[in-house]
*Asks:* 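Pasting a structure below so you can have a look.
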2 protein chains.
Amino acid sequence: MVTTAKPASAAASITNVAALANVSTATVSRVLSGKRTKDDDIARRVRAAAEELNYSVNYAASALRSDVTNTIGLLIPSATDPLSAQLLDELEPMIDVDAQQLLLGIGATRELQAERLESLTARNVDGLIVIPAPGTDPTDTLERFARHTPIVQVGGRQSSFRTSMVSIDENAAMEASVRHLAESGARSVAYLAGKDVSFESAELFAMFHTQVRSRTLFTRNEWSQFGERTVQRGFHCAMRLFGDALDRSGRDDLYRLRPEALICCDDAVAFGAMIALDALDLRVPQDVRIVGYGDSPLAMTTMPQLTSLRPPVQQIVAEALRLIAAGPATPAHIMLPPQLIIRGSSRAA
Amino acid sequence: MVTTAKPASAAASITNVAALANVSTATVSRVLSGKRTKDDDIARRVRAAAEELNYSVNYAASALRSDVTNTIGLLIPSATDPLSAQLLDELEPMIDVDAQQLLLGIGATRELQAERLESLTARNVDGLIVIPAPGTDPTDTLERFARHTPIVQVGGRQSSFRTSMVSIDENAAMEASVRHLAESGARSVAYLAGKDVSFESAELFAMFHTQVRSRTLFTRNEWSQFGERTVQRGFHCAMRLFGDALDRSGRDDLYRLRPEALICCDDAVAFGAMIALDALDLRVPQDVRIVGYGDSPLAMTTMPQLTSLRPPVQQIVAEALRLIAAGPATPAHIMLPPQLIIRGSSRAA
DNA sequence: TTGTAGGCGTTATCAT
DNA sequence: ATGATAACGCCTACAA
């Protein structure tokens, strides 16, 4: 047997380990990659040698030979997008336990995303998770790569069954919100909807009305509007809805003149509404119950704390990784409902 | 010359390109990697062949042979940390122009960061940018890897000159804030400071007093306190400072009884203060000028819009990449001042 | 079960 | 400047 000396400066290779453990490189490879299950003396010798030499695999060599890079690609529109950030925080530790690594691409437009998709697949990632740029249907771009790499789209719209998708069940969220508000004693409700490029907003708006009717709650068309997802917008909407509150107090059909509950498309809108209500001396939740969306960290810092819908990020990640592991052959579409986190802003009186 | 046919299914390799262009693989490699500057017929033939075969390098093979992975590692405490998110958004496009890719690690604690650092360096990243976990000095961990990989620490404390660091010049930020408030007509000022584990907070607090004195502004020790970086904290502090405002109105030494300006350690604190001032019927900026920190997206949605300090993220990224390119041999420490974005909350009356 | 040996695609070395 | 060839470290088909 030829003993291969290891220069002190360079990183140890499988050959050095083999020499030290007195076995062949093939055996070292098999032991360390878990293809050899027995835990006998040989296995222990190999592991001890690897430990002593501070050996770690050369992923480049491994990938070159086996076409597996132990790398997951993630493409997001922006790290400052809350859903993307939450997904990142959830995803990174989950893939690390498989000794995989996260290759990140950021693209805020359809075109940039297509570019990044090209770069990521050129790196031979083992799987790809994509959050589409806002208002974008990435289907045809994704399909170009789906043949070679398992791709999972998270959220957004999609017009094909060639690639997998995991998305948030917004209709279920609306159902949960309305039901909760009805049970908390609200008799009327308004919906400060989000303004999206897609049809989704309109669909959700219809869902709101369906749910309100089925709970025999009261609402007025002019109460609910589409708009920006900003604090300012929430403030203005609430001012419009409740601004002349004093003139009306005491009337026993008050709940028909102004809503007793607000469903907001975003926590920021809810914050703005709460500021306005505070300025108007209306109490939350006694006079007006509020439900936000997104469960942003700030939701716990308002007074009272904001009831909000938390995106099912953990399940999304778990499902996405499961679909990637299943390979590109078996695309599936999965919808997961957000969780309603009930806090002070919507509790029953 | 032996012509190597390319199976339609597999990806094209350098060999296929060489065959099609009627040159050797060595020449193809040289042309495509830019080691051959001349743009003669050969170069054009090679590029045309690569284009036609839709060739793209196999990074694994390239890395195996040359020890360059075209990969930058980034280690952050959390994607929901604003600075980390902004850095991500800024960094990703800048390294993409070098055809590099971003390998992301997330670790919220010292221990997790050490683990991720291990994983990232095991991937042979060409360089590493690290934002330390809050209140953590990563120096000794970083030094273990700095010998082999250029590492740049962003922000935080550091006790060594073995690794490079780029950080935000908080003292310059404080100087700019106080100067601006003095010039906007404020006669007194309070500082709602952040509560950190490190000494930094105390140092910055001292800097506040130094600057206030040199501008001959008025302040009281009990006005300024350390605390959380939350909306709630800002609300409470403002209520404490301005709560009995009505009793005092009209006094001509009013500016000595309550501050005419607030410097907040975080935009969230400023938001809370603005809510409180609104509730107390005090006007921003006429009665109280406010400066936040972080220039969060919400800063543009308040009324009036919030003056805030924007972290110099773009310069940070540029400097970090420059230091990485310079290699591990030349560590440097660089401080960059934030930019004061002046908006309505602090404009002169 | 273990060892031998060939090859993955690229780049560096060396000779031309 | 170009081409032939070896080598990077690992995995795996095949032989023992």
Side-chain angles (χ1 to χ4, degrees), chain A residues 1-7 9-46 49-50 53-70 99 122-124, chain B residues 1-7 9-46 49-50 53-71 99 122-124 126:
Chain A
M1 165 165 293
V2 179
T3 300
T4 307
K6 178 180 88 72
S9 61
S13 87
I14 206 175
T15 315
N16 308 125
V17 177
L20 185 59
N22 241 302
V23 293
S24 71
T25 60
T27 302
V28 173
S29 174
R30 287 191 274 252
V31 169
L32 295 180
S33 68
K35 295 221 165 183
R36 182 182 178 287
T37 47
K38 224 195 300 181
D39 186 19
D40 54 4
D41 185 54
I42 290 182
R44 261 172 282 129
R45 246 163 48 216
V46 168
L53 295 176
N54 200 8
Y55 168 81
S56 71
V57 281
N58 182 320
Y59 287 94
S62 175
L64 176 59
R65 182 56 228 239
S66 67
D67 270 335
V68 175
T69 54
N70 283 297
R123 296 271 174 167
N124 286 313
Chain B
M1 166 165 294
V2 179
T3 300
T4 307
K6 179 181 89 71
S9 60
S13 88
I14 205 174
T15 317
N16 308 125
V17 177
L20 185 58
N22 242 303
V23 294
S24 71
T25 59
T27 301
V28 174
S29 175
R30 286 190 276 251
V31 169
L32 294 181
S33 67
K35 295 221 165 185
R36 183 183 178 286
T37 46
K38 223 195 300 177
D39 185 19
D40 54 4
D41 185 53
I42 291 182
R44 260 173 281 128
R45 245 163 49 216
V46 168
L53 295 176
N54 199 10
Y55 168 81
S56 72
V57 280
N58 182 319
Y59 287 95
S62 175
L64 175 59
R65 179 59 204 175
S66 68
D67 270 335
V68 174
T69 55
N70 284 297
T71 284
R123 296 271 174 168
N124 286 314
D126 296 338

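Note on naming: letters A, B, ... go to the chains in the order of the sequence lines (proteins, then strands), and numbering restarts at 1 for each one.
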*Asks:* Counting side-chain heavy atoms from CB outward, which of D/dT2, C/dT10, D/dC11 is closest to A/Ile14?
*Replies:*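 Nearest listed nucleotide: D/dC11.
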*Asks:* Which whole-number value in Å describes the distance from A/Arg45 CZ to C/dG3 C1'?
*Replies:*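 From A/Arg45 CZ to C/dG3 C1': 14 Å.
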*Asks:* What nucleotide among C/dT4, C/dG9, D/dT12 has an atom nearest to a side-chain atom of A/Leu64?
*Replies:*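 Side chain of A/Leu64 sits closest to C/dG9.
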*Asks:* Measuring from A/Arg30:CZ to A/Ser24:OG, what's the distance to the nearest 0.5 Å?
*Replies:*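 It comes to 6.0 Å.
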*Asks:* Contact class for B/Arg30 (heavy atom, under 4.0 Å): base, sugar-phosphate, or nothing?
*Replies:*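 Base contact.
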*Asks:* Atom CG of A/Asn58 to atom P of D/dC11: distance rounded to whole Å?
*Replies:*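 So the CG-P distance, A/Asn58 to D/dC11, works out to 9 Å.
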*Asks:* What nucleic acid atoms does B/Thr27 come within less than 4.0 Å of, heavy atoms only: base, sugar-phosphate, or nothing?
*Replies:*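 Counting heavy atoms under 4.0 Å across all strands, the contact made by B/Thr27 is with sugar-phosphate only.
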*Asks:* Of the listed nucleotides (C/dA12, D/dG3, C/dT2), which one gets closest to any side-chain atom of A/Asp40?
*Replies:*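 Closest nucleotide to the A/Asp40 side chain: C/dT2.
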*Asks:* Any ion pair linking A/Arg44 and A/Asp40 (charged N to carboxylate O, less than 4.0 Å)?
*Replies:*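 No, no charged N to carboxylate O under 4.0 Å.
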*Asks:* Check whether any side-chain nitrogen or oxygen of B/Ser29 sits under 4.0 Å from OP1 or OP2 of C/dT10, and answer yes or no.
*Replies:*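 Result: no.
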*Asks:* Starting from the 5' end of DNA chain D, give me the residue, B/Arg36 or B/Ala61, whose nearest nucleotide shows up first.
*Replies:*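 Its nearest nucleotide being more 5', the pick is B/Arg36.
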*Asks:* Is the distance from OP1 or OP2 of C/dT10 to the nearest side-chain N or O of B/Ser66 less than 4.0 Å?
*Replies:*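 No, outside the criterion.
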*Asks:* What is the distance from atom CD1 of B/Ile42 to atom CG of B/Asn22, rounded to the nearest 0.5 Å?
*Replies:*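 It is 10.0 Å, given to the nearest 0.5 Å.
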*Asks:* Look at the side-chain N and O atoms of B/Lys35 and state whether any lies under 4.0 Å from the OP1 or OP2 oxygen of D/dA1.
*Replies:*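 Looking at the OP1 and OP2 atoms of D/dA1, neither is under 4.0 Å from any side-chain N or O of B/Lys35.
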*Asks:* Between B/Asp67 (CG) and C/dG9 (P), how many Å, whole number?
*Replies:*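 To the nearest whole Å, that distance equals 20 Å.
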*Asks:* Below 4.5 Å, heavy atoms only, C-beta onward: do A/Thr69 and A/Tyr59 meet side chain to side chain?
*Replies:*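 The answer is no; the side chains never approach within 4.5 Å.
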*Asks:* Consider the side chain of B/Ser24, meaning its heavy atoms from C-beta on, and name the nucleotide among D/dG3, D/dT12, C/dT11 that approaches it most closely.
*Replies:*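 It is D/dG3.
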*Asks:* Determine the contact category for A/Tyr59: base if any of its heavy atoms lies under 4.0 Å from a base atom, sugar-phosphate if only primed atoms, P, OP1 or OP2 are that close, otherwise nothing.
*Replies:*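 No contact.
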*Asks:* About how many Å separate CG of B/Asn58 and CZ of B/Arg65, when rounded to the nearest 0.5 Å?
*Replies:*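 Reported to 0.5 Å precision, the distance equals 14.5 Å.
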*Asks:* How long is the line joining CG of B/Asn124 and P of D/dC10, in whole Å?
*Replies:*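 It is 11 Å, rounded to the nearest whole Å.
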*Asks:* Starting from P on D/dG9, measure out to OH on A/Tyr55 and report it in whole angstrom.
*Replies:*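 Whole-Å distance recorded here is 10 Å.
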*Asks:* Name the closest nucleotide to the A/Ser13 side chain, picking from D/dC10, D/dT12, D/dT5.
*Replies:*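 Of the candidates, D/dC10 comes closest.
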*Asks:* Ignoring hydrogens and geometry beyond distance, is the side chain of A/Arg65 in donor-acceptor contact with the base of D/dC11 at under 3.5 Å?
*Replies:*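 Donor-acceptor pair under 3.5 Å: yes.
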